[in-house]
Number of protein chains: 2
Amino acid sequence: MADVAQVAGVSAQTVSRVLRDPAGCTPETRERVEAAIRSTRYVQNLAASHLASNRSMTVAAVIPQIAASVFAETLQGLSNVLLQAGYQVIIGHSDYSHEREEDVVRSLLGRRPDAFFLVGTRHTDAVREMLQRAAIPVVETWAWTRKPIDQLVGFSNHEAIAAAVAYVQRRGYARPVFVAAARPGDDRARERLEGYVSGMARHYAGQPARTVVMEDLPYTMGSGRVLLDAARTQFPDSDVLLFSSDLLASGALLACQRQGIAVPRQLAIVGFGDYEVGRELNPGLTTVAVPTVRMGEEAARMLVQRLRGEPVAARRRDLGFELIERGSA
Amino acid sequence: MADVAQVAGVSAQTVSRVLRDPAGCTPETRERVEAAIRSTRYVQNLAASHLASNRSMTVAAVIPQIAASVFAETLQGLSNVLLQAGYQVIIGHSDYSHEREEDVVRSLLGRRPDAFFLVGTRHTDAVREMLQRAAIPVVETWAWTRKPIDQLVGFSNHEAIAAAVAYVQRRGYARPVFVAAARPGDDRARERLEGYVSGMARHYAGQPARTVVMEDLPYTMGSGRVLLDAARTQFPDSDVLLFSSDLLASGALLACQRQGIAVPRQLAIVGFGDYEVGRELNPGLTTVAVPTVRMGEEAARMLVQRLRGEPVAARRRDLGFELIERGSA
DNA sequence: CTGTTAGCGCTTTCAC
DNA sequence: GTGAAAGCGCTAACAG
């Protein structure tokens, strides 16, 4: 910056001013400085800027898995809006483990982000405490709770599955089974299981909850195949399977195709998440759509508002879900 | 850090030492300091550390799109290995545009990453120059070139598609068509197109290259449906379609299913990338597998070696590809 | 093995 | 509108 200042014939302070508040100096000064920046190929050192100004212009985001497409979509929404506002996103992933999340949050806090984005509303006490002490805006997503750490933009996994149960009941299915791959730390999957149980109590009074939940399965279409076989073995008289994810449901539907099981006549299938693959299958996958991208965008907007010191309308925003009826159920 | 030092009864320097080289002090000192860190809930400010040490312990990565699953997988591989070595990844995305890539690289350089990861080998001159001046290890991926900016770990998109052409020729297909969605800045798609053209010259001497390439289509299964229709209209006598991506091929295959086009008897389909969906379809998708995750891991290993000052065996590593024969062709 | 000193490259504050 | 001085929180280099 000193070099640029010398070339432009001004003080370093003026260079800094041109960079952060161009309106604060005369147009000629500004142009001279900008020319000097170009000719010297100067790239501002943001670590020094951060240290001096106490603002890092970054937002930390922790998601369960980078390669999980739904979270990547949320991240894309978050990142798009945040970049507009001049913020960079730094990403960590927890591998669906609360302990790893704690480590990741601690490590990301070392970079002094100006705000924090989390997937889920269940965290260790240490995480809640660290974030509270950091005294920065925090937004939780992909779930619902009465008491967020700070802000919340999401939907109720519980209600979403309950709505699916209501739907299959309305369509006359007799024995719905809930089928899931659910890592121990995957609270969303857990909440969906609970939603199924309470949906059964509400809409299939007297019937037992029937579930096939495996903890050690990856979230892939191949696991859907495995779960289909398990469900058929365990509940051979079931007429509809509610999956915790479209990925699993799609794998199961394609496996049915191979095994000559007619969907939905012999066995109906409901997914969760409205992944693209479900739209293209034959028959199309009946599913519950959730606002994947919008959660990221809205979370970003809420954070930016807070960072600008603007008042925020509501600390919690329920973006809801939508049951999408296609051929599979 | 001064607070921690006071609580532990040592100097700030000793706290710093415990954090970066625990072996460099007596176990008792170390334990006193660690206890003080816990009791004060100290989180080291990495921006200050970066400024003082001139090492940010970050690696910048630019990918075309965060929500594109193949790049997310590469990123996961990169991130896993780098985290082990103590490096954080900061991510930017170019939206398949060279101009945006330039902006993103400039902005990421402001954070003074210790190394740089890029997808692709074609970049603007400004990008090459900025990275050269930064004088940090750079690794390019997902393609092949004789003259990388610095290091390269990838495969030849050109050869990969040529191999697919050779395969369909061997299997007796008469009129292969190359079908792609290819954004203007998507060099990988472009290289695949070139690979098809030269594969045709080699294996179908005398035949014209037949291509259906759309520039304004998203990389989704839905686009595969659109492209299938276009290809059937433009080349009704074609007996095999080579797609630039499994996503497109899968969409097309499912559309064939709906339209009653028998695959592969009436029309064969070859994909690219070995996405999971292709493995589950009926028939399974014949495709070219590329080392998605391994490229990230190997790139990370090469960078870490360089950052540690260790000698690197080779500046370029060709991870190759593999033709996977399934039912669709 | 531990402490002291001097800065890293910026921004804030306050003069002018 | 612009410049000078001080300092952000840490680490390198050196001394002891």
Side-chain angles (χ1 to χ4, degrees), chain A residues 1-34 36-37 40-58 86 88 106-114 133-136, chain B residues 1-34 36-37 40-58 86 88 106-107 109-114 133-136 309:
Chain A
M1 192 177 263
D3 293 350
V4 175
Q6 196 170 21
V7 170
V10 296
S11 73
Q13 180 45 43
T14 300
V15 178
S16 172
R17 208 155 8 222
V18 168
L19 255 19
R20 43 188 44 240
D21 177 28
C25 24
T26 55
E28 306 113 60
T29 320
R30 180 162 67 240
E31 266 161 44
R32 273 222 315 286
V33 169
E34 278 164 357
I37 288 176
T40 54
R41 276 130 224 243
Y42 172 66
V43 179
Q44 191 184 23
N45 184 328
L46 297 177
S49 168
H50 168 184
L51 191 60
S53 68
N54 200 29
R55 291 184 315 157
S56 63
M57 299 308 286
T58 62
Q88 247 271 306
R106 185 174 292 112
S107 147
L108 289 176
L109 279 175
R111 309 240 165 234
R112 298 292 188 272
D114 294 332
R133 288 175 64 97
I136 53 177
Chain B
M1 191 176 263
D3 292 351
V4 175
Q6 195 171 21
V7 170
V10 296
S11 74
Q13 180 52 234
T14 299
V15 177
S16 172
R17 207 152 12 218
V18 168
L19 255 19
R20 40 190 46 236
D21 176 29
C25 24
T26 53
E28 307 112 59
T29 319
R30 180 162 68 238
E31 264 161 46
R32 273 224 312 289
V33 169
E34 278 165 357
I37 287 175
T40 55
R41 276 132 226 244
Y42 172 65
V43 179
Q44 190 185 21
N45 184 329
L46 297 177
S49 169
H50 168 185
L51 192 59
S53 67
N54 200 28
R55 291 185 317 156
S56 63
M57 299 307 287
T58 61
Q88 246 271 307
R106 185 174 291 112
S107 147
L109 280 175
R111 308 238 166 236
R112 298 294 188 272
D114 294 332
R133 288 174 64 98
I136 53 177

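In what follows, every chain begins at residue 1, and chains take the letters A, B, ... in the order their sequences are listed. Predicted model only: the values in this text are computed from it and were never measured.
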When the distance from [atom1] of [X] to [atom2] of [N] is rounded to whole Å, what number comes out?
| X | N | atom1 | atom2 | result |
| --- | --- | --- | --- | --- |
| B:Arg55 | D:dA12 | CZ | P | 7 Å |
| B:Arg112 | D:dT11 | CZ | P | 19 Å |
| A:Met57 | C:dT11 | CE | P | 12 Å |
| B:Asp3 | D:dC10 | CG | P | 9 Å |
| A:His50 | C:dT11 | NE2 | C1' | 12 Å |

State whether [X] places a side-chain N or O below 4.0 Å from either non-bridging phosphate oxygen (OP1 or OP2) of [N].
| X | N | result |
| --- | --- | --- |
| B:Tyr42 | D:dG9 | no |
| B:Thr29 | C:dT2 | yes |
| A:Thr26 | D:dT2 | yes |

Closest listed nucleotide, where the reference is the side chain of [X] and the choices are [options]:
| X | options | value |
| --- | --- | --- |
| B:Cys25 | C:dT2, C:dG9, D:dT2 | C:dT2 |
| B:Leu51 | D:dG1, C:dG9, C:dG7 | C:dG9 |
| A:Ser53 | C:dT2, D:dT11, C:dT12 | C:dT12 |
| A:Met1 | C:dT2, C:dT11, D:dC10 | C:dT11 |
| B:Gln44 | C:dT11, C:dT2, D:dT11 | D:dT11 |

Answer yes or no: is there a donor N or O on one side and an acceptor on the other, between the side chain of [X] and the main chain of [Y], under 3.5 Å?
| X | Y | result |
| --- | --- | --- |
| A:Asp114 | A:Met57 | yes |
| B:Thr40 | B:Ala36 | yes |
| B:Ser56 | B:Arg112 | yes |
| A:Arg32 | A:Ala8 | yes |

Check your understanding: What nucleic acid atoms does B:Asn54 come within less than 4.0 Å of, heavy atoms only: base, sugar-phosphate, or nothing?
Key ->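 Counting heavy atoms under 4.0 Å across all strands, no contact is made by B:Asn54.
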Revision key, fill the gap. So, with a heavy-atom separation below 4.0 Å from DNA chain D, the residues of residues 7-22 of chain A are A:Val10, A:Ser11, A:Gln13, A:Thr14, A:Arg17
Review point. So, A:Arg20 versus A:Ser49: side-chain donor-acceptor pair below 3.5 Å or not?
Key: yes
**Study point:** Which residue lies more 5' along DNA chain C, comparing B:Ala52 with B:Gly24 via nearest heavy atoms
**Key:** B:Gly24
Review point. Which heavy atom in A:Val43 sits nearest to a heavy atom in B:Leu109, and how many Å separate them?
Key: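 Scanning both residues completely, I find the closest heavy atoms to be CG1-C, 4.0 Å.
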Review point. Say you draw a straight line from CD of B:Gln88 to OG1 of B:Thr58; how long is it, rounded to the nearest 0.5 Å?
Key: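 It comes to 8.0 Å.
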